[in-house]
Amino acid sequence: MRVSYTPDYFVPLPEKHPFPMGKFPALQRMLLDEGLIGESDIVAPRQADWADLLLVHERGYLDALARGTLTKKEERKMGLPWSEALVKRSRHAVQGTMNAAYMALEDGIAANLAGGTHHAFPGHGEGFCVLNDVAVAIRALKRSRWIRRAMVIDLDVHQGNGTAAIFESDDDVFTLSIHGEKNYPFRKVDSTVDIGLPDGTGDDAYMAILQSTVTRALEVFPCDLLIYLAGVDVLKGDRFGRLDLSRDGLHRRDRFLLEEVMGRQIPLLCLLSGGYAESPELTADLHATTHREAARLILPLA
Ligand SMILES: [Zn+2]
């Protein structure tokens with residue numbers, strides 16, 4: 001599987017910052033070490049153009065990012081300290097998602113080893129999300145007529161409020177979010193379909209709801225591209241999630257999603273979104289689940 005990745009996805013953060021920035025290089029190393037990708041599968045993105053970012057984001061917000069003139073309040077809401085490197089990293093990640101979307105259309109499946117920053121709104125960032133890569137990619141692909149209709153399946157434990165807001169009145173984009181009802185963001189924005197789950201849902205109840213919801217969505221909304229936000233903060237013990245999925249449950253989730261989408265020949269783009277395990281390495285290991293399950297489908301063992 002081809003993936004977008006660049007060492008520029010990593011920028012140093014202050015010590016004890018809760019965002020596990022180290023998960024990006026750790027995941028890339030892990031996928032190479034396990035033979036799930038080869039060096040030739042890695043496509044390094046450049047920084048997304050400001051013109052493409054303007055397809056989604058407000059000029060005033062982009063200016064403030066470029067010049068470093070966000071207010072303290074805006075920076076606090078974003079959850080990441082502004083730096084030139086952070087803005088570059090965010091632009092690289094957006095382009096990584098755009099590139100991987102084109103690769104998914106060509107190859108059937110592709111991934112960005114970053115992205116899924118679903119809390120970013122047109123005019124502000126929040127919840128560790130600076131720019132909305134999913135929305136920029138969909139708008140760019142629609143503009144160039146590569147796709148007409150897209151579906152976003154967001155299984156991060158936090159509701160995809162930014163993405164939902166951006167596509168609120170766009171009938172060509174179906175947004176589906178399955179998340180913890182009591183989790184951040186405390187004010188949700190309506191997706192096309194939202195399923196808010198109680199704390200401690202666990203594997204079996206989660207899988208039952210996932211299967212019925214996704215199958216129904218795919219039946220009612222034929223699409224040209226499916227973007228999967230495979231957040232691993234649904235796992236038991238995650239610092240910010242409370243749904244209590246086991247590792248086996250995480251495998252079941254990804255296996256079901258991949259089989260269901262690929263079985264219908266819908267081009268599939270996989271993105272990371274959140275994950276807050278004990279260490280960046282463990283978080284990366286959880287993110288690798290999607291790739292391990294994809295490898296099983298793409299290269300079935302003889
Ligand atoms: Zn999350």
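Counting starts at 1 for both ligands and their atoms, in listed order. Scope of the values below: all heavy atoms of this structure, side chains included, with no hydrogens, waters or symmetry mates.
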Under the criterion side chain to side chain contact (heavy atoms under 4.5 Å, CB included), which of Arg253, His251, Glu259 is the partner of Glu293? His251

Only one of Asn161, Thr175, Thr163, Leu176 clears side chain to side chain contact (heavy atoms under 4.5 Å, CB included) with Ser191; which? Thr175

Test: [X] and [Y] ion pair at under 4.0 Å:
| X | Y | answer |
| --- | --- | --- |
| Asp107 | Arg2 | yes |
| Arg239 | Glu278 | no |
| Lys88 | Asp8 | no |

Going by chain and residue number, what protein N/O/S atoms come nearer than 2.8 Å to the Zn ion (ligand 1)?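 Protein N, O or S atoms closer than 2.8 Å to the Zn ion (ligand 1): Asp156 OD1, Asp156 OD2, His158 ND1, Asp233 OD2.
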
A cation-pi test, strictly: NZ or CZ of Arg67 under 6.0 Å from the centre of the six-membered ring of Trp82 and no more than 45 degrees from its axis. Yes or no?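 No.
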
